[in-house]
Amino acid sequence: MSTYRLDKGGLIDRTKPLRFTFDGKPVLGFEGDTIASAMIANGQHMVGRSFKYHRPRGILGIGSEEPAALVQMGDGNAETTPNVRVTEQEVFAGLSVRSQNAWPSLEFDVGRMNDYAWRFIPAGFYYKTFMGPPGAWMMFEPIIRKAAGLGKSPTEADPDNYEHVNRHCDVLVIGGGPSGIMAAEAASLAGARVILVDESNQLGGQLLGETTETTLNDQEPVEWVVAAEAALRARENVTILNRTTAFGYYAENFVGLWEKCTDHLAPSDRPERAPRERLWRVRAKHVVLATGAIERSIAFHENDRPGIMLASAAQTYAYRYGALPGKNILVFANNDAAWTNAFALKEAGANIAGIVDARPSIDAGLLAKAAEVSIDLFPRSGIVGTKGHARVKEASIRTLGEDGQPTGATKQVECDLIAVSGGYNPNVSLFSQSRGKLKYDENIAGFRPAHSWQKETSAGSCNGAFDLASCLTEGVKAGTNAAIAVGFKEAKVASLTLKSNQKTAAETFELWDVPSGTGIQRAWVDLQNDVTAKDLRLAVQEGYSSVEHAKRYTTMGMGTDQGKTSGVTAFGILAQTMGKSIPEVGVTTYRQPYKSVSLGAIAGQHMGELYAPRRGTPMHEWHREAGAHFETVGDWLRAWVYPQTGETWQRAVQRESKAARTGIGILDASTLGKIDIRGKDSREFLNRIYTNAWSKLGIGKCRYGLMLKEDGMVFDDGVTTCLADDHFHMTTTSGGAAGVLSHLEDYLQTEWPDLDVWCTSVTEEWAVSSICGPKCHQLIADLFGDGYGPDDMPFMTMKETELEGVPVRIFRISFTGEHSYEINVPSEYGRWFWDTLMEHGAQYDITPYGTEAMHLLRAEKGFIIVGQETDGTITPHDLRMDWIVSQKKGDFVGKRSLFRSDTVRKDRHQLVGLITEDRSKVVDEGAHIIATSTEPAPPVPMLGHVTSSYYSPNIQRSIALALVKGGGDRMGETVYVTQRGNGEPIQATITDVDFLAEGAAS
Amino acid sequence: MTSIKAPFKQSPLGHRSALTGDGVQMSERAHLNKTMLRGDLETLGSAVASVAGANAPTASQSTYTKTCDVHWIGPDTLMVLAGEGEALADSFSSELDGKACQVANISNNYTVIELSGARARDVLQKLSTLDLDAAAFGKGAVAGTVFAHSNVVLACRLDAPDTFDIVIRRSHADYLWCLIADAGYEYGFDKQAIVAGETLRQ
Amino acid sequence: MRNYSVMNLLKQGLKGHKDWEPAWGLSTTPKDSYDAVIIGGGGHGLATAYYMAKEHGMTNIAVIEKGWIGGGNAGRNTTIIRSNYLYDESAAIYDHALDLWKTLGRELNYNIMMSHRGVLNVAHDEGEARTIKRRVEANRLNGIEAEWLDAKQVKEFCPLVNISPDVRYPIVGGSLQRSGGSNRHDAVVWAFARAAHQLGVDIVQQCEVTGFKIEGGQITGLSTTKGDIKTPKVASVVAGHSSVMAKMADLKLPIESHPLQALVSEPVKPIMPCVLMSNQVHVYVSQSDKGGMVIGAGIDPYCSYSQRGGFNIIEEQMAAVMELFPMMSRLRMVRQWGGIVDVCPDASPLITKTPVKGFYINAGWGTGGWKATPGSGHVFADLVANDEPNDIAAPFTMERFATGKLVAEHGAAAVAH
Amino acid sequence: MFIIKCPYCGERDQSEFTHGGEAHIDRPEWRDDMTDAEWSDFVFLRHNEKGVIAERWMHAAGCGKWFNGLRSTITDEIYGFYKIGEKPPKVDTAEPATPAGELLGSGNDAVKVVAELSEGDAK
Ligand SMILES: Cc1cc2nc3c(=O)[nH]c(=O)nc-3n(C[C@H](O)[C@H](O)[C@H](O)COP(=O)(O)OP(=O)(O)OC[C@H]3O[C@@H](n4cnc5c(N)ncnc54)[C@H](O)[C@@H]3O)c2cc1C
Ligand SMILES: NC(=O)c1ccc[n+]([C@@H]2O[C@H](COP(=O)([O-])OP(=O)(O)OC[C@H]3O[C@@H](n4cnc5c(N)ncnc54)[C@H](O)[C@@H]3O)[C@@H](O)[C@H]2O)c1
Ligand SMILES: Cc1cc2nc3c(=O)[nH]c(=O)nc-3n(C[C@H](O)[C@H](O)[C@H](O)COP(=O)(O)O)c2cc1C
Ligand SMILES: [Zn+2]
């Protein structure tokens, strides 16, 4: 057995040794140990170095409240985890952990230099220096940054999995100590669906560290816990989650639970199908908070050495883990509870070097008991200094006068552990997150719940009840009331006999820090961020006296522990310094999370492949087989170009575009949004939604429409077809489909509920193959026979037919200006139909073209793409599409905005074409247009920008679309297009947008 | 006219085969005939009765007959699922002709994933914020809801215990399939690799 | 002791730091009257006060703050600073601010930790790339430092980011503003307060403005929870609470107040050299000097003054982080919080007179006003002092919503920080 | 995340809904003499009230219906939902306030701690 390991007792399995390494050195632990308990059993308290002064840091606490005993867990670049609390991490064989923030080694750390300069680097020192000359901070920053930070981030992708699970329950009980167990018992007996969570590996809370003097129903505490847990687990309506932290209490009783599933197991023991962590998203009808209380320390000179520990933690190490935290223990307290701890530690085999108690008067019973076991007493005294490097070895003690100042001689006492108790803070973090209001309770010198805001009840020590009997009763009451509140009938909980001599901190003497009496006091409040009482006083002196300013100025409570053990102490010191009461000073905001949660768990399974849908069309596989390159368009993947072997994509685009105007091009247009619109008022509805008129569109006829938002700016466009007098088929842009549908529904439901119109999305009902080119009608004729040729089927019409029994809609519409058909077939036949077109089109050299060629082709024709030629600031007039804004019909969405003084301005940016002087020079999309052939010094007056730009294989020159100030009146003018600073601007002429029009491109 | 290859249909999950885990199974109910009916619920109800012989469902419920499932989607919307051969849209159209209603054939717009088994609720609960406890979402219940980034209609069928239909958009089908398979991994589903590997434009 | 310097720090070190004075005085109640009152002790309000005192000699003025200074968005923002906005109007004001930032620490004698470590805005598809390129080019022509990087160059500048082409939203490139970066937000607030105070400005905390006195269309004073104040000029710089102020003067603004959340991870040693933002994979990430990853994203969709938002936003944000930085899943969130952002329909601010004479509003900075702090204060001070906007402020009047002359910065501002 | 009670489908998680901004804004009828300012009032200006507001929600993943809800923007407390065309329900919005006048549960830091605790307050 290791030197500090007790021979018996505790919840460790001495038959199951587990070897792990700390900084590469082997440490022996047992199943049931945490890293902390195993290290303590081996006599090692020093774990790391502090943030600022790089002073040695030991183990203060027992669980998630631990401020500074943090390690880097796991080696390698992917699976290493920084800032792991040794008090929580269970050991397993092969576990490797390393100390942090120390270089080159934990024992000899260069950063320690900072400590020698401590006088010159108080809170906020960096605000007072490094400020000039300009850029100076850029020199200092890397140094400061390197010194800060704790552990190391992984640098390679995490191989582990995370997941979300949703659950509803009647009563969520948070905390599995005696209060929580009883609350779960009562609520589940009443029939409520109960979830009970505890962040530890076992239920029991503080009971796990109790001495066996305490009994419940004549059972030892742990036996009772095991029995109570078994009874709960046997109920179908109870779910118990261990190693699960309730980290966030959000609106409407939404509580986030973070379950750590595998980190406590050796890799080989981890269940293959378990995620590393699980995030439970719980909606509870009622929440019972039973999160216990957290002991706090007392700030005294040099109170930060390894081996200075919370008193309850010291007891718990001995009783829960069978690891004696020290063999010669000095206790320092301001309340009775620590005396119980002292007796228990003595019982466990430690020598108690003395009890230092700051209180003016001490319970006679305690004094008698101490005398009985011959413990030295230092009444009305405080610790004023300590010695020791890797572990405390001596304390200086002085009597405290009436004014709290040390008086009299200094006594030196040797010790290897100082067990401190400054009282207990009810663990109100979740309560406060739920927006409950706190109240300062002078008896316990701490904050406890006052007003609940949500459907929640606090029970036990988190509610300020420190004795076990009250915890048990409050638990029962809370569980019962919660069940009743949710609608269940009360069920009698079996009564329980409790025997306990435990003394509590219910009467705590307000003592935040102990003056050293020497003028120099380095008394730590926040052990992780190295914030001392003096820093807090300096903050007040300099005017950062609000708790929120003091927190931010000193960084108190901003570490990974969020000040669980230090917060109230800091508020106390601030209040004292300002001569105010603690409630006047208040608290900083408790925010989620209660304890740090992995970003991976928050993301859940929704990452990597499952990050977002990859929407593909019915012909997607074909494109892939054809070697297409794809582009992402929102959630869609669209075939972008089909390069052939050895062909660059640029060449491919040229080839595809040319084919579409010389033979047959074929495009998968399935992603276009489609909305089925039906009802007798459909025309009126379209009149109000689109800028143009729809009253007279005949059956089987198609029309292009522009949609605006109320601000008058173009929002979407597409072709809508009249299927019957009361039935229309609307198409939208691919990306805009969902937005348009909800736009339509919004107006229908809220503005014009009297209209008889119904809309249903049919986007994916139809697979759309668009064929284009001078020969495409031949292919149509081959498949469908006569009646679809240029003369038989006018432009902008639609015909319904069948092919081999499959319903088909043929639209003679065109986005390229070329003769073209958009053929819709039910999506399940999409691939068949595409294959058919390819097979029968082969004789015409049918060429699939992707979205890039499509964009090029429509640019040749001067057609806009919403989102490319428009950006939410463009009106139909800006697009010089005045023809599409009906002057005759009544109001439509956005109409009034077109008449505002700015929207009628003549010199707005307007869409024009650009042809470059040098036909081979393709300008950049996004390039700007200026009036001069060279760029003047900035700011350069800009006339507009290029929205689309291509080399057109069909007119064999570079073409571009641009939005140019007053562009409509500038036809023929020469302008210059910038080149991102790479060379002189390119000369171009402003033209109309239709480059295919006669003479346009000359 | 040239000769044309016989038409073939592809369901959105045709490339996936059914999964079986420990207490949970997943498969596609492919090629169902689906019709969306919109309008006054009473009118739609009587149409459902005469065309499909089904009772009109009440809010958040579905009704089932031998040939079809009628899902309540909203106070003015029903979705009718029927076997592959049953082209209901036309019958509904003529039944509702002249009434202030919409009949839309959406057979291809959606597909259906069937998830069943004692573990099905646990699997779904990883994706759904609904309370899927049998007491809260029992046989006959239906809800339009969202799984991650996709809207779905989730229905608890009447004909078998713990059997769910998940009606999903065609292009979201593969994503959802993989997502549900991932949720069922714990219960023995094989992980399903997303069909990806497209060359993305660089 | 007033002046901050290494020398004074050393001297004070030996004296136990007992001579440092309260940074911004100790006014606890306002005086009965002032030449002007600034409402809101955030970055913009304090900057306004500082420049009014410094450049316009108006020293009989007060900043009235309902809570503690810097407790609003100033204390909650992720401090992304850049000036690469699209339109000339925005470019002018944000770049004015960036210029001021460069020397501000020195000017205010307070280290605001201005770190010009560079801001990357990445693009994931062609449309986004086009938009960003357009902006980069506009910036260049406006004399604003900006450049377009392809995916490889993005990776060189930010080695941590995943540019693999087979993720769902591959990075195709991005814009970089090297002079962009971040700073220490609280320090900026304190620095302005301290400098303003040294010029004579009263800074009154825990004092809430509850109403205005308006006589014949002219403001004459205001009421606060600490008594009434007479003043001919009131400048409202209350960010999220702007509509509340406007209502007291019977005005309605084109503003909605939304929750905007952010979070910070536990501190780790430096790995993230710059600020990286993505619009499509909606998130942005930087690493604070303390070592925490500071992560933010979009607003909650509804209006609220509660300084809280929904957890779903955080979840989506983390999924987005994993898409860009798949090694970050083992880092842990140590704290999350929310602010109240004042969102204008065109994602540009209001720096404006109002129909009430003597009542000025500076608002609508929404999710991205931190970067403008000194510039905004500077031009607003001008407006309040002279009752006329200067050239930089002129485009940002309230009238633009009637005329339609918006400064639509959605493209530049979509994840606008 | 709120629980939104859709008037048609019942209580659902907020993730199923789209938010639609302030409710009860009437779209002005076309008038030839409508001023730019009047129109802008409709398109852009909002009350953005700090207090109880009526706002629009749409059950995007569910029934697709728009409806309205009442919520306090101070506390995010929800008071109820009602269908389009219905009048907002009367609600008791008297919320407990601190001496400083800030409502309990609001974001102001002054109200994390209450001064007085009367028996029975601690629920
Ligand atoms: C989470 C988050 C992240 C952000 N990230 C960035 C970013 O990366 N980059 C960027 O440029 N911007 C960012 N912003 C935006 C930026 O924070 C704000 O635009 C800017 O801080 C607003 O100006 P301010 O500092 O003056 O506001 P605030 O600090 O909000 O100041 C307003 C002050 O007015 C006070 N006040 C209100 N009502 C009254 C009253 N009745 N009487 C007296 N006082 C009153 C408030 O208490 C408050 O202190 C972010 C915002 C948030 C919330
Ligand atoms: N001697 C004293 O003065 C004193 C003071 C306080 C408490 N106590 C003793 O402590 C016990 C208090 O019982 P109790 O049940 O109220 O508390 P407890 O401390 O026994 O149990 C609280 C439990 O809640 C868990 N927990 C806390 N926050 C959590 C979270 N966010 N998520 C999940 N789990 C969380 C903890 O792991 C712990 O197991 C009693 O035995 C009491 O006598 C004694
Ligand atoms: C850039 C930035 C970095 C922050 N870093 C930390 C941090 O390291 N630790 C911490 O506890 N809080 C940090 N915070 C958050 C603050 O503690 C606090 O939550 C925030 O200022 C909002 O205030 P509130 O939570 O009191 O409402 C940071 C905030 C910002 C804006
Ligand atoms: Zn609904």
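Order of the sequence lines fixes the chain letters, A, B, ..., with proteins taken first and strands second; residue numbering starts at 1 for each chain. Only this structure's heavy atoms are used, side chains among them; waters, hydrogens and symmetry mates stay out.
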Selection from Val43(D), Asp41(D), Ile53(D) maximising heavy-atom pairs under 4.5 Å formed with chain C: Asp41(D)
For chain D, the option from Cys344(C), Pro259(C), Gly310(C), Ser257(C) that forms the most heavy-atom pairs under 4.5 Å: Ser257(C)
Ser90(C) and Glu409(C): side chain donor to acceptor below 3.5 Å: yes
Chain D contact via Leu253(C) - side chain, backbone, both or neither, heavy atoms under 4.5 Å: backbone
Side-chain H-bond candidate by donor/acceptor type, Glu55(D) with His19(D), under 3.5 Å: yes
Straight-line distance of Arg56(D) CZ to His24(D) NE2, nearest 0.5 Å: 10.5 Å
Chi angles and distances behind the salt bridge (Lys or Arg N to Asp or Glu O under 4.0 Å) call for Asp228(C), Lys213(C): CA-CA 9 Å; Asp228(C) 290 354; Lys213(C) 304 245 171 350; 3.4 Å; yes
Contacting region of Lys247(C) [heavy-atom separation from chain D under 4.5 Å]: side chain
Centroid-centroid under 6.0 Å between Phe67(D) and Tyr82(D) rings: no
Which of Val244(C), Asn312(C), Asp300(C), Thr210(C) touches chain D most, by non-hydrogen pairs under 4.5 Å: Asn312(C)
Listed partners of Glu16(D) passing side-chain hydrogen bond (donor to acceptor under 3.5 Å, both in side chains), at least two apart: Thr145(B), Arg12(D), His59(D)
Glu49(D), part contacting chain C, at a heavy-atom distance under 4.5 Å: both
Which portion of Leu406(C) sits near chain D, non-hydrogen atoms under 4.5 angstrom: side chain
